[in-house]
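Take a look at the structure set out below.
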Amino acid sequence: MKCKICKEDAIIYLPSHNLALCEQHFFDFCKRRVQKAIKRYNLLDEGEKILVALSGGKDSLTLAYLLKELGYKIEGYYIDLGIEEYSERSKEKVLNFADRYGIKVHIEQVKELFWGYSIPQIAYITRRPACSVCGHIKRYLMNRFGYENGFSALATGHNLDDEVGVLFGNIINWKMGYLGRQSPLLPSTNRKLLKKVKPLVLCGEREIAAFALTYGIDYIEMECPHVKGSTYLYNKGLINRLEEKSPGSKLRFYQGFLENKHLFKEEDVDLKECEVCGYPTTSRICTFCNIRRKIKERIKGQT
Ligand code: SF4
Ligand code: ZN
Ligand code: ZN
């Protein structure tokens, strides 16, 4: 197989683009996909101070690598969730990556903020699914850190497969409000809320994994133990089967949705300031502060 551009030996064939590429042209291709998403969906401005959420996985590390390569001003942010081996290993990957590519990385620890409790323990005490607690805490901390340290955008490594998986789930269940909100760009609607961007939305999971392997980005392959059995993963599997039969389906589905997004109305949300922390929330006290209150009550009950 030869590279379609330079006719050298190809290292990858991308069925969804009907394109075989050599190492150099695959690199350029990935860079261009990110640039295209940034431009097409108006994600970032030059010179903007961007906080990149790093998990140690292939997507977030590749995103940081490519944004730096494209000349954006980035710093990384990692949350130690306290999920034993998974957190230890992922932190190591993030620190090694940051060191190797000269990227400043900030670390916050859930156990430090929750009196020694980890995500699984917080989930147990609050009787909520681990991923729900984890999602709330991560979103809150990333935003708070970014706001308090002068960042204007938070970039996450959601890729095309992630977005298509979520979109499929939202359509199957006709979640109109979520459909209205699903976008590569969530603009800031409050001075204390950072703009959220997903510059990898035009890059498939397989391309990102191949990019990380080709260019030596050392990422954690182990999955979080709580991810098992999610419907979202099952949906991703179904879509992959469709993609195999009809290459390009994922991209057509996702881009078609974005072109027709006006059909789905975004839910109006009435934001107030949390009475405890002052950050925007839809209720009197935000979920983060409510979780902290429950943990505090538990500690009091034990003494
Ligand atoms: Fe958190 Fe769930 Fe993701 Fe694990 S799988 S990191 S618990 S959201
Ligand atoms: Zn080539
Ligand atoms: Zn609060």
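Note that these values count all heavy atoms, side chains included, but never hydrogens, waters or copies made by symmetry. What you see is a predicted model, and the numbers here were worked out from it, not measured in a lab. When a ligand or atom number is given, it counts from 1 through the structure's own listing order.
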Assess the pair F168 and F257: is the distance between their ring centroids shorter than 6.0 Å?
no
Write out the residue and atom name of the closest protein heavy atom to atom 3 (Fe) of ligand 1, then the distance separating them to 0.1 Å.
K138 NZ, 4.0 Å
Which heavy-atom pair separates S87 from Y78 by the least distance, and what is that distance?
O-OH, 3.1 Å
Angle subtended at the Zn ion (ligand 2) by ND1 of H25 and SG of C22, nearest 10°:
100°
Enclosure of K49 NZ (heavy-atom neighbours >12, cutoff 6.0 Å)
yes
Please state the angle at the Zn ion (ligand 2) spanned by SG of C6 and SG of C3: what is it, rounded to 10 degrees?
110°
Side-chain touch M142/K196, heavy atoms, less than 4.5 angstrom
no
M1 and A20 have their tightest heavy-atom pair at CG-CB, 3.9 Å
Rounded to the nearest 0.5 angstrom, the CG-CD1 distance for L44 and I50 is 4.5 Å
Under 2.8 Å from atom 4 (Fe) of ligand 1, which protein N/O/S atoms are there?
C224 SG
Looking at every heavy atom in both A10 and C3, which two are closest together, and how far apart are they?
CB-N, 3.8 Å
